[in-house]
Amino acid sequence: MTVLNSSYASCRKVCELCPGEQIGSFVAVDYVLFAAVLVISALIGVYYMVKEYLAAKAATSEDVLMGGRDIGIFPIAMSLMASFMSAITVLGTPTEMYNNNTSYWIAGLSMIITVIVTNHVFLPFFHDLSLTSAYEYLERRFNRAVRVCASIIFMLNMLLYMGVVLYAPSLALNQVTGLKLELSIVCIGLVCTFYTALGGLRAVVWTDTFQTFVVMAGLIAIIVVGSRDLGGFGEVWDIANKGGRIQFIDWDPNPTTRHSIWALIIGSFFGQLTIYAANQTMIQRYLAIKEIQNSQKALYLSLPLTLILSTVVCLVGLVIYATYHDCDPYLLDMVHARDQLLPFLVMDKLTFLPGLPGLFVACLFSASLSSISSGLNALAIVILEDILKLWWDYRGNAPSPLWQGRIAKLLGLFAGGLVIGIAFLSQFLGQTVLQIMLSIFGMVGGPLLGLFISGIFFPFINSTGALCGLITSAVMAFWVGVGGTVLLPVPEVMHVSTEMCSIIQRNCSSSSNSTISSTISSTIAATTQATLSSEDNLWIYHLSYLWYGLFATLISLIVGILVTFITSCCLGFNEPEDVDANLIHRLVDRVCCFLPVTCQRVHRMEKY
């Protein structure tokens with residue numbers, strides 16, 4: 001009886017709504033809070049710009065893009081966590097809990113392995129090279145063509161990702177709160193571009209620190225209020241358990257199983273490694289601290305913060321399920337996609353106290369600001385270091401460090417304009433774009449990770465093999481990833497219904513009620529038809545998206561090795577003097593000393 005009463009209370013407001021009605025609205029305090037977050041973010045950029053002028057120091061490209069390599073441990077740790085804490089994380093993870101179960105939380109635990117490997121294998125290696133752009137290494141190890149191709153792939157990756165990161169919360173808030181979509185995209189994009197271009201990396205990391213606290217505060221407020229209305233978090237857990245949402249481990253070794261324990265640990269490890277070991281956004285932060293030990297401390301400090309965030313967004317998803325499992329707003333046609341359930345819950349539960357919905361809006365857009373600002377700064381570095389400087393070297397007329405600093409700021413503005421444009425275009429590409437973007441780091445980051453591993457751990461791989469591996473891996477990964485996302489249906493959501501709304505009387509026209517009934521019927525029919533048709537697709541399309549990163553990495557390595565041996569039969573293997581010893585990880589020496597001499601001769605390129 002208690003469960004029925006809590007379900008009735010939680011569903012009453014939803015069931016009394018008619019299609020097209022808003023469940024809540026902003027008041028003046030909400031708009032003030034929302035605007036305050038954007039203003040503070042912009043002022044941080046202004047502060048660092050003014051600070052440079054007062055110090056009578058003109059900002060060079062090193063200052064703008066790398067923060068002068070003198071940023072503290074704590075803000076870098078917060079920025080490492082916030083770089084990919086986008087609105088996709090804040091909206092998408094609760095939706096995963098609502099649609100399926102808690103197994104995705106295990107993927108957060110693989111971060112422990114990722115951080116340890118990054119801290120003791122990749123971070124010291126990149127730090128010792130004193131790079132500004134991670135792709136600078138690729139030219140020194142292979143050649144300029146490999147560097148340019150890798151940089152172009154990274155730029156496309158980040159532009160598409162940031163465009164959707166900007167578009168996704170704007171779409172959700174437009175549908176739920178009535179905020180104009182175009183206004184949201186332009187305002188958030190301009191503010192983010194403004195403080196990134198003016199303040200450089202210092203502004204980015206300190207703004208990330210501020211926004212991280214805003215995000216956590218908003219999510220915790222949702223958990224507390226939502227659990228209280230249902231009778232406590234114990235009641236939330238009990239409802240989720242009865243609905244099949246509390247499930248952590250699936251031992252099925254089949255790679256097509258969406259969230260097996262193997263995909264969640266091994267697949268997620270390689271997926272995360274594409275970000276932590278082969279992505280300019282993260283590597284840029286490691287290099288922003290002069291001492292290796294401090295960089296490692298910052299990464300270790302970001303680990304518990306990331307695990308806490310992962311746990312909080314999962315708990316938010318359980319609260320949403322416990323609230324709406326008997327009155328699903330999607331089936332009732334109150335939202336156009338289940339990614340809008342979190343904003344819907346906020347407008348349903350938090351409007352009793354003016355300002356709380358505004359805090360959530362600030363939370364949601366702060367998450368986007370963090371990702372976009374980090375991405376814009378990384379894009380500026382890659383364009384400057386890997387495209388423009390190469391062109392200047394070719395022409396022999398490089399500008400002064402002062403002008404390079406100014407160009408770096410202009411590049412931030414240019415990249416910001418492209419992101420805003422892509423966000424506008426996203427509204428015409430359909431809802432499948434969001435799913436494609438969630439897999440983009442596996443599809444694009446995997447080939448890049450394979451390329452870096454080829455250079456760092458396989459001394460015999462030559463530039464031809466590395467380039468062929470990169471291109472082949474990218475093509476194969478996009479074929480599998482895009483094919484699987486477009487052709488396969490979204491998994492059916494089980495144990496949700498509109499049962500409670502059959503008990504609650506609503507004062508809607510008969511046409512509105514028939515619209516809801518037809519929506520439910522068409523949803524069920526579409527799901528059934530899609531499930532039947534998906535059986536005819538190729539097996540590879542059913543590969544779990546968590547394996548995309550490992551799949552692409554293996555293709556890159558295998559093709560790189562094969563092409564190297566084929567070309568070396570004609571041109572000969574690399575000689576020891578062809579590759580700088582500093583460009584090969586010292587771990588290779590320790591491993592290769594146990595191999596037979598014939599293997600050492602090939603792997604270490606040594607003459608005996």
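Because the structure is predicted, anything quoted here is derived from the model rather than measured.
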> Would you say the side chains of W105 and T311 form a donor-acceptor pair under 3.5 Å?
Replying inline: yes

> Does a donor on one side chain and an acceptor on the other come within less than 3.5 Å for D328 and Y98?
Replying inline: yes

Any side-chain heavy-atom pair from [X] and [Y] closer than 4.5 angstrom?
{"X": "T472", "Y": "I555", "result": "yes"}
{"X": "F452", "Y": "L138", "result": "yes"}
{"X": "L299", "Y": "T118", "result": "yes"}
{"X": "R147", "Y": "S151", "result": "yes"}
{"X": "F154", "Y": "M158", "result": "yes"}
{"X": "R338", "Y": "L331", "result": "yes"}
{"X": "L303", "Y": "L307", "result": "yes"}
{"X": "Y324", "Y": "F344", "result": "yes"}

> Taking only residues two or more places apart in sequence, or in another chain, which ones meet I220 in a side chain to side chain contact (heavy atoms under 4.5 Å, CB included)?
Replying inline: V224

> Y548: what forms a side chain to side chain contact (heavy atoms under 4.5 Å, CB included) with it, not counting sequence neighbours?
Replying inline: S439, M443, V480, L543, Y545

Can you name the nearest heavy-atom pair linking [X] to [Y], along with the distance?
{"X": "P447", "Y": "S473", "value": "CG-OG, 3.3 Å"}
{"X": "L470", "Y": "S556", "value": "N-OG, 4.1 Å"}
{"X": "I320", "Y": "P94", "value": "CD1-CB, 3.9 Å"}
{"X": "L219", "Y": "V90", "value": "CD2-CG1, 4.0 Å"}
{"X": "F270", "Y": "G549", "value": "CB-C, 4.4 Å"}
{"X": "G163", "Y": "I422", "value": "CA-CG2, 3.9 Å"}

> Looking at residues at least two apart in the chain, or sitting in another chain, which of them share a ring-ring contact (aromatic ring centres under 6.0 Å, His included) with Y104?
Replying inline: H259

>> Test of understanding: with ring-ring contact (aromatic ring centres under 6.0 Å, His included), list the residues that count as partners of F551, not counting sequence neighbours.
In response: none

>> Just to verify, which of L449, T114, L123 counts as forming a side-chain contact (heavy atoms from CB on, under 4.5 Å) with Y276?
In response: T114

>> Set out, in order, the CA-CA distance, both residues' side-chain angles and the distance that settles side-chain contact (heavy atoms from CB on, under 4.5 Å) for F424 and V186, then state yes or no.
In response: CA-CA 9 Å; F424 272 103; V186 172; 3.6 Å; yes

> What pairs with D30 under salt bridge (charged side-chain N to carboxylate O under 4.0 Å, His left out), at least two apart in sequence or on another chain?
Replying inline: none

>> Checking E96 now: which residues fulfil salt bridge (charged side-chain N to carboxylate O under 4.0 Å, His left out) with it, not counting sequence neighbours?
In response: R258

Atom [atom1] of [X] and atom [atom2] of [Y]: how far apart are they, to the nearest 0.5 Å?
{"X": "S110", "Y": "L546", "atom1": "OG", "atom2": "CG", "value": "9.0 Å"}
{"X": "L467", "Y": "C149", "atom1": "CG", "atom2": "SG", "value": "5.0 Å"}
{"X": "Y161", "Y": "N157", "atom1": "OH", "atom2": "CG", "value": "9.5 Å"}
{"X": "M97", "Y": "L341", "atom1": "CE", "atom2": "CG", "value": "13.5 Å"}

> Can you list the steps and then say if V444 with L156 is a side-chain contact (heavy atoms from CB on, under 4.5 Å)?
Replying inline: CA-CA 9 Å; V444 181; L156 290 174; over 6 Å; no

> Is it true that a side-chain atom of T93 and a backbone atom of C314 form a donor plus acceptor pair closer than 3.5 Å?
Replying inline: no

> Judged by atom type as modelled, is there a donor-acceptor pair below 3.5 Å linking the side chain of Q272 to the main-chain atoms of A107?
Replying inline: yes

> Under the side-chain contact (heavy atoms from CB on, under 4.5 Å) criterion, do V493 and Y330 qualify, and how do the steps go?
Replying inline: CA-CA 11 Å; V493 180; Y330 180 74; over 6 Å; no

>> I'd like to know whether T274 forms a side-chain contact (heavy atoms from CB on, under 4.5 Å) with L448, so could you lay out the CA-CA distance, the side-chain angles of the two residues, the decisive distance to 0.1 Å, and finally the verdict.
In response: CA-CA 7 Å; T274 64; L448 291 175; over 6 Å; no

